[in-house]
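FYI, side chains are in, hydrogens and waters are out, and symmetry mates aren't considered; it's all heavy atoms of this structure.
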Amino acid sequence: MDFYATNPGPIDDSVLYDQEKHVSSAIWEGQERGALRCHEHTSKLDQWTLTSKQIELVKRAGFGYLRLIPAISLDNPLISALVERWRRETNTFHFTVGEMTVTLEDVGYLLGLPINGEPVIGVTYTTCDAVCMKFLGRAPDSGSTSGGMVKLSWLKETFSQCPVNAPLEEIERHTRAYLLYLVGSTIFSTTTGNKVPVMYLPLFDNFDQAGRYAWGAAALSFLYRALGNASLRSQSTISGCLTLLQCWSYFHLNIGRPRLNHDPSHDRFPFVFRWKGKHTGPTTNRDVAFYRKALDSLKPSEVEWCPYINSSDVLLPEDIRDNLNLGRSNTMLICFDKAERHLPDRCLRQFGLRQPIPLDVQQWERKSRGVDGGVDLSGKMEAELGEWSDRHLRVVDVDEDVVEETQYLHWFLKITRKLVGRPVPISSEFQRMNAALREIANVADMMITHGMDDQQMHAVTRIRFLAHECLRDQIGNMMIAEVTDSDQNEVDKKVRGKERIRRKNMGVKRRRKDDLGHYQTVSSQQQFCITAPIDMMDHVGPMCHVENSDMEMCLPVASVPDDSQLCYMTGKLDESQQLSDAANELDDSNFCSTVEEVDHNLLSGGDHGLENGDMGQQNDYSVLV
């Protein structure tokens, strides 16, 4: 833990090459974004009334089970903590126990969507009128559209009640509107909050043909892309099928999992029904920090690698049961422009297999949907479509040579981000770092230089300079760290997803009154003291006095006892940028003598050189912070 207190990983960045863009880097730097805004719009699905004919058409289209799934209360902090451990480089969660992910097998068990079939891809649209008129029989008003997207509210208000004696054509139009609403509020929910792209509508033209699409694979591709986007440090929202994500976590991780009510209705397909209704168990005080800490300390005993192993195959539809092996297929998942890699070879323990070191992940370009209408994406994604067409040939086989996983775990600890939250506050780390730097500086200052050759003396001088340089640089950093820690608890109350850094009153360290003569004091904003022993004053020249609008540096004579080498620091800086700017202004020009000058004096053996083997008091300069 001591190592990871300063280096959370990755040690080897060949896998997690986008670490600087990841939200975990921002969190480590003290930039909290709070809980993500989770966009899933299932609460009004029950306001649709479907006729028996419509239900039949929905089943033929492949959504017979999805329509039955109830609205589940989302645990935003849990989802947010999971996102912090999602890595778009591998499309997996990086936990302390290894990599895990949501697979096609999970989609089949939890949602009951078809995971085998034709890829969900087609033509893009930038307007709604023509496509809605063709497949729904009417066009939305201008206030209900935005580019190629239509409001879910317009679909519900216009098509939620199909006339009893409506002709077949009208029933089919109402059913297409329902299916568009269904996918737009569940598996393809967007961060817009209440809109769905109309590009899915042509796929519902023929209901039997719609049933041949791999909607489960498309839902997983969409979720992968949403997780990847939300894992970036600049994002504050997430979309996609969050019910799938949350229930996957409930099945695989004993963190945030509610205790189920023992109701026979929970033992039905799809398996998300196990989490239907109200749950018992503690729900208070579970914020993002709570779940983050739990995931940072996740134990193997808290992981269920194969949660469906005791499930009866009788519950599974034949088309799901016969294609569960695709859960081990290293293939490309496709949902229009969203093509995402499915890499179960990195998570074989979820299939009861031993985990070897996985193959390197090829970096791929994540394509974006074109702005032009009428673009058929099939012609732009030949390589991705080719991988999906070979999905049955890409099923990972059991490797009999893997006897134990020690080698994998050693490798994983090098390439992963082990911690997201800091085990100790930033301010404590700065204090410990400064204590170590002061000790290094003290050892270097006390080192006997008598008898050393020129190269050795130069090395000692460099060590002294670098130690004191680092101490000086830490002045601003310590202030910023204190700001971050003091305001951590106020983040969610002020600006969601942003951290305001406010400078608290700095502590007052008083110096003895009889030392006042050794200091030059002009500015009352900030003072930083750099001590220099009497014996070295001739080396470094006269006392320096550096001053600006924000801070002042004064160089005291170090002939006073140690306990009186304390600065009087007061004042207040309201913004972290001011602190950073103030620290930056302490450049090398503020020092009386540069290291080159000191090196010259020490090595030249001039009038002010070291004599009689004196050390200890023969400092070039010291920094007190």
- Task: Check the pair Trp215 / Phe204 against ring-ring contact (aromatic ring centres under 6.0 Å, His included), numbers first and verdict last.
- Result: CA-CA 12 Å; Trp215 293 107; Phe204 303 136; 5.5 Å; yes

- Task: Walk me through it: do Arg341 and Thr331 pass the test side chain to side chain contact (heavy atoms under 4.5 Å, CB included)?
- Result: CA-CA 6 Å; Arg341 291 198 182 279; Thr331 187; over 6 Å; no

- Query: Ser249 and Ile255: side chain to side chain contact (heavy atoms under 4.5 Å, CB included), yes or no, with the steps?
  - Reply: CA-CA 8 Å; Ser249 177; Ile255 291 178; 6.0 Å; no

- Item | Stepwise side chain to side chain contact (heavy atoms under 4.5 Å, CB included) check, Phe159 with Tyr181 | CA-CA 10 Å; Phe159 298 99; Tyr181 186 98; over 6 Å; no

- Task: Take Ile238 and Leu36 through the test side chain to side chain contact (heavy atoms under 4.5 Å, CB included) and record every step on the way to the result.
- Result: CA-CA 7 Å; Ile238 185 173; Leu36 294 169; 4.1 Å; yes

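Of the charged side-chain nitrogens involved, at least one lies within less than 4.0 Å of a carboxylate oxygen, so that Asp296 and Arg85 count as a salt-bridged pair. Contact check on Lys59 versus Glu56 returns no salt bridge, with no Lys/Arg side-chain nitrogen under 4.0 Å from an Asp/Glu carboxylate oxygen. Between Lys380 and Asp337 there is no salt bridge, since none of the side-chain N atoms of the basic residue sits less than 4.0 Å from a carboxylate O of the acidic one. In this structure, Arg321 does not pair ionically with Asp313, as no charged nitrogen and carboxylate oxygen lie closer than 4.0 Å. One finds no salt bridge joining Glu118 and Arg212 here, because no Lys/Arg side-chain nitrogen approaches an Asp/Glu carboxylate oxygen to under 4.0 Å. Ionic pairing of Glu84 and Lys293 is not present here: no N-O contact between side-chain nitrogen and carboxylate oxygen is shorter than 4.0 angstrom.
Of the possible donor and acceptor atoms, none in the side chain of Asn330 sits under 3.5 Å from a partner among the backbone N and O of Arg394. Side-chain atoms of Ser221 never come within 3.5 Å of backbone atoms of Ala218 as a donor-acceptor pair (strictly under, hydrogens ignored). Gln246 places a side-chain N or O within 3.5 Å of a backbone atom of Asp75 that can act as its donor or acceptor partner. Side chain of Asp322 to main chain of Asp319: no donor-acceptor pair is present (N/O by atom type, distance under 3.5 Å, no hydrogens or angles). Using modelled atom types, no side-chain atom of Asp390 and backbone atom of Leu393 make a donor-acceptor pair closer than 3.5 Å. In terms of modelled atom types and a separation under 3.5 Å, the side chain of Glu302 and the main chain of Lys299 share a donor-acceptor contact. Between the Arg268 side chain and the Leu315 main chain, no donor and acceptor come within less than 3.5 Å of each other. For Arg257 (side chain) and Tyr250 (main-chain N/O), a donor-acceptor pair under 3.5 Å exists by modelled atom type. Of the possible donor and acceptor atoms, one in the side chain of Arg33 sits under 3.5 Å from a partner among the backbone N and O of Gln235. Judged purely by atom type and a 3.5 angstrom limit, Ser329 has no side-chain atom pairing as donor or acceptor with the backbone of Leu326.
Within the 4.5 Å cutoff, no side-chain heavy atoms of Leu232 are placed close to those of His22. Using a 4.5 Å cut-off on side-chain heavy atoms (C-beta onward), Thr101 and Leu343 make no contact. Residues Cys335 and Phe188 form a side-chain contact, since some pair of their non-hydrogen atoms from C-beta on lies under 4.5 Å apart. Under the 4.5 Å side-chain criterion, counting only non-hydrogen atoms from C-beta, Pro356 is not in contact with Tyr408. Residues Arg176 and His174 are not in side-chain contact: their nearest non-hydrogen atoms beyond the backbone lie 4.5 Å or more apart. Side-chain contact between Met149 and Thr192: present, with at least one pair of heavy atoms (C-beta onward) separated by less than 4.5 Å. Within the 4.5 Å cutoff, the side chain of Trp248 has heavy atoms near those of the Met100 side chain. Taking 4.5 Å as the limit, every side-chain heavy atom of Leu201 sits out of range of all side-chain heavy atoms of Leu179.
When only modelled atom types and interatomic distance are considered, Ser24 and Gln19 share a side-chain donor-acceptor pair under 3.5 Å. For the residue pair Glu340 and Asn91, a side-chain donor N or O sits within less than 3.5 Å of a side-chain acceptor on the partner. A donor and an acceptor atom, one from each side chain of Tyr109 and Glu105, are nowhere located under 3.5 Å apart. Defined by atom type and a distance below 3.5 Å, a donor-acceptor pair is present between the side-chain atoms of Thr243 and Glu40. Under the 3.5 Å distance criterion, with hydrogens and angles disregarded, a donor-acceptor pair is assigned to the side chains of Thr49 and Gln161. Side-chain atoms of Asn116 and Arg391 form a donor-acceptor pair, as typed in the model, at a separation below 3.5 Å.
If you run side chain to side chain donor-acceptor pair (under 3.5 Å) between Thr416 and each of Arg87, Glu99, His94, only His94 comes through.
Other residues, nucleotides and ligands contribute at most 12 non-hydrogen atoms within 6.0 Å of the CD atom of Gln407. Remark: Asp141 CG is packed, more than 12 non-hydrogen atoms of other residues, nucleotides or ligands lying under 6.0 Å away. When the shell of 6.0 Å around CD of Glu169 is examined, it contains 12 or fewer heavy atoms from other residues, nucleotides or ligands.
Here the closest heavy-atom approach between residue Thr92 and residue Cys347 is recorded as CG2-SG, 3.9 Å. Summarising the geometry of Ala226 relative to Ser239, their closest heavy-atom pair is CB-O, 3.3 Å, with the distance given to 0.1 Å. When every heavy atom of Gln54 is checked against every heavy atom of Ile171, the shortest pair comes out as CG-CG2, 3.8 Å.
A distance of 7.0 Å separates OG1 of Thr186 from CG of Leu45, quoted to the nearest 0.5 Å. One distance of note links CD1 of Ile334 with CG of Leu377; it measures 10.5 Å at 0.5 Å rounding. Here CD1 of Ile309 is found 11.0 Å from CD of Glu304. Values are rounded to the nearest 0.5 Å. Note that the CG atom of Leu244 and the CD1 atom of Ile72 stand 10.5 Å from one another [nearest 0.5 Å]. Here the CG atom belonging to Asp205 is positioned 6.5 Å from the NZ atom belonging to Lys134, to the nearest 0.5 angstrom. Remark: Asp345 CG to Ile357 CD1 distance equals 12.5 Å, nearest 0.5 Å.
For Tyr224, the ring-ring contact (aromatic ring centres under 6.0 Å, His included) partners are Trp86, not counting sequence neighbours. With sequence neighbours left out, Pro140 forms a side chain to side chain contact (heavy atoms under 4.5 Å, CB included) with Cys128, Asp129, Cys132, Ser144, Thr145, Val150, Trp154.
Close placement of the Phe251 and Trp275 rings is indicated, their centers lying within 6.0 Å of each other. Aromatic pair Tyr200/Phe336: ring centres closer than 6.0 Å. Checked against the 6.0 Å centroid criterion, the rings of Tyr65 and Phe269 qualify as a close aromatic pair.
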